[in-house]
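Here the structure is laid out as structure tokens; the discussion comes afterwards.
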Amino acid sequence: MALRTETDKETGVALVTLDRPAKHNAIDLATAAELTAAWRAFRFDDEVRAVVLTGAGGRAFCTGIDRGVDVPQPSSPYTIDDPLIAIGPKANDLWKPVIAAVEGMACGGAFYLLGEAEFVIASEEATFFDPHTTYGMVSAFEAISMAQRMPFGEVARMALMGTAERVSARRAYETGLVSELTAPGGAVAAAQRAAAVIASYPTGAVQGTVRAVWSAREAARSQAMAHAPHLVALGNLPPERQAELFGGRGAGGFRTR
């Protein structure tokens with residue numbers, strides 16, 4: 001199992017941990033399926049009233065899709081098979097509040113998860129970046145998710161600069177991606193404290209509020225997401241060329257801002 005789930009029955013808070021630290025908590029097909037199953041199961045578990053999502057090991061929250069995953073794609077530019085499309089809580093019709101606790105790196109496909117959390121708490125040592133363009137891939141789903149949380153220019157810069165820059169936790173806090181900064185190692189505890197407060201309130205009011213907040217931006221997000229598969233299909237380099245670029249990823253270094 002690449003996903004650990006623990007529920008504190010006293011507080012009503014579930015802790016979901018991506019548990020592939022040796023792979024920087026990258027998501028393979030099995031992990032994607034476990035995430036989908038967990039979110040759907042929480043819909044029926046009345047003991048769970050709020051969720052904290054994090055990654056094991058401290059070095060990374062999540063680094064997106066595991067590069068070892070083979071996902072054959074149809075030849076049509078109008079269709080794409082995306083193994084990460086259903087890994088988030090909202091994609092699985094879960095309207096219980098989810099707080100993301102970030103330690104270390106969060107990049108690429110991690111934004112599928114961060115984009116569907118109610119808010120993000122991060123360690124001061126956390127960093128955020130989007131490597132897609134560096135490797136000849138379109139940042140579509142990820143950039144759209146972050147455009148719901150960050151100013152346009154910040155999203156565009158992060159998506160376009162690829163691996164050349166990483167956004168510091170402080171800058172992420174200043175631009176609205178992160179709602180609270182903690183000392184190193186403190187993100188999960190801070191998220192659990194916030195989740196316990198929320199879980200103590202009447203659940204109907206909490207879930208209704210979550211749904212209301214999301215409805216405020218749902219139309220624009222849905223329209224943008226509808227375009228994403230076509231942009232990815234048309235703009236991505238062939239997989240073998242992506243792999244070639246990925247193989248040289250250590251050459252350039254990066255700056256943190």
Side-chain angles (χ1 to χ4, degrees), residues 18 20-28 31-32 54-71 73 80 82-85 87 100 102-115 120 122-178 184 187 228 231-257:
L18 293 166
R20 304 186 77 216
K23 292 284 188 177
H24 294 309
N25 298 315
I27 298 172
D28 59 8
T31 310
T54 194
R59 296 175 63 195
F61 168 78
C62 175
T63 53
I65 189 72
D66 189 325
R67 290 292 301 181
V69 171
D70 181 25
V71 186
Q73 294 295 328
I80 184 171
D82 185 342
L84 302 188
I85 197 67
I87 64 170
V102 177
E103 300 275 356
M105 294 183 292
C107 64
F111 296 132
Y112 284 72
L113 295 169
L114 298 183
V120 178
S123 157
E124 293 170 341
E125 294 182 343
T127 56
F128 304 82
F129 63 101
D130 188 349
H132 281 76
T133 54
T134 299
Y135 304 131
M137 295 180 284
V138 174
S139 175
F141 295 100
E142 298 83 1
I144 290 168
S145 292
M146 291 301 96
Q148 308 298 309
R149 296 183 176 272
M150 300 168 68
F152 176 88
E154 292 295 323
V155 177
R157 179 167 179 161
M158 183 169 67
L160 292 171
M161 290 297 288
T163 60
E165 282 189 351
R166 296 187 182 183
V167 178
S168 66
R170 172 59 58 181
R171 184 60 182 159
Y173 175 75
E174 292 169 348
T175 57
L177 172 57
V178 170
L231 299 173
V232 171
L234 291 169
N236 277 15
L237 289 177
E240 59 275 13
R241 179 64 178 135
Q242 293 178 28
E244 180 182 332
L245 292 173
F246 193 80
R249 63 189 182 277
F254 63 88
R255 68 182 288 267
T256 300
R257 64 179 182 91

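Not counting sequence neighbours, the partners of Ser145 by the side chain to side chain contact (heavy atoms under 4.5 Å, CB included) test are Arg221, Met225. Residues that satisfy the side-chain hydrogen bond (donor to acceptor under 3.5 Å, both in side chains) test with Thr54, not counting sequence neighbours, are absent from this structure. By the side chain to side chain contact (heavy atoms under 4.5 Å, CB included) test, Glu154 pairs with Met150, Pro151, Arg171, Thr175, Arg257, sequence neighbours left out. In this structure, the side-chain hydrogen bond (donor to acceptor under 3.5 Å, both in side chains) partners of Thr31, at least two apart in sequence or on a different chain, are Asp28. Scanning for side chain to side chain contact (heavy atoms under 4.5 Å, CB included) contacts around Met161 gives Arg157, Ala164, Glu165, with sequence neighbours left out. Qualifying side-chain hydrogen bond (donor to acceptor under 3.5 Å, both in side chains) partners for Thr134, counting only residues two or more places apart in sequence or in other chains: Thr163. Evaluation of the salt bridge (charged side-chain N to carboxylate O under 4.0 Å, His left out) rule for Arg166 yields no partner, not counting sequence neighbours. Taking Ala140 as the reference, Val138, Ala228, Val232 meet the side chain to side chain contact (heavy atoms under 4.5 Å, CB included) condition, with sequence neighbours excluded.
Within the structure, no pair that satisfies the ring pair (Phe, Tyr, Trp, His ring centres under 6.0 Å) test touches residues 145-170, not counting sequence neighbours. Each salt bridge (charged side-chain N to carboxylate O under 4.0 Å, His left out) pair with one or both residues in residues 56-68, not counting sequence neighbours, appears once here: Arg20-Asp66.
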Could you list the donor-acceptor pairs under 3.5 angstrom formed by side chains in residues 104-114, with sequence neighbours left out?
unit_1: Tyr112; atom_1: OH; unit_2: Asp82; atom_2: OD2; d: 2.5

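Listed here is the closest heavy atom pair of Ala122 and Phe128: CB-CZ, 4.2 Å. The shortest non-hydrogen separation linking Pro83 to Ile65 is CG-CD1, 3.7 Å. Heavy-atom minimum distance, Pro184 versus Glu124: CD-OE1, 4.1 Å. Smallest separation of non-hydrogen atoms from Asn25 and Cys62: O-SG, 3.4 Å. In this structure, Pro21 and Ala56 approach most closely via the heavy-atom pair CB-O, 3.8 Å.
Formation of a donor-acceptor pair under 3.5 Å by the Glu103 side chain with backbone atoms of Ala187 is found in this model. Checked by atom type and distance alone, the side chain of Ser139 never pairs as donor or acceptor with a backbone atom of Ala159 at under 3.5 Å.
Note that OG of Ser123 is 5.0 Å distant from CD of Glu125, once rounded to the nearest 0.5 Å. Here the NZ atom belonging to Lys23 is positioned 15.0 Å from the CG atom belonging to Leu18, to the nearest 0.5 angstrom. With values rounded to the nearest 0.5 angstrom, Ile27 atom CD1 is found 3.5 Å from Ile87 atom CD1.
Counting heavy-atom neighbours within 6.0 Å of Tyr173 OH, excluding the residue itself, gives a total of 12 or less.
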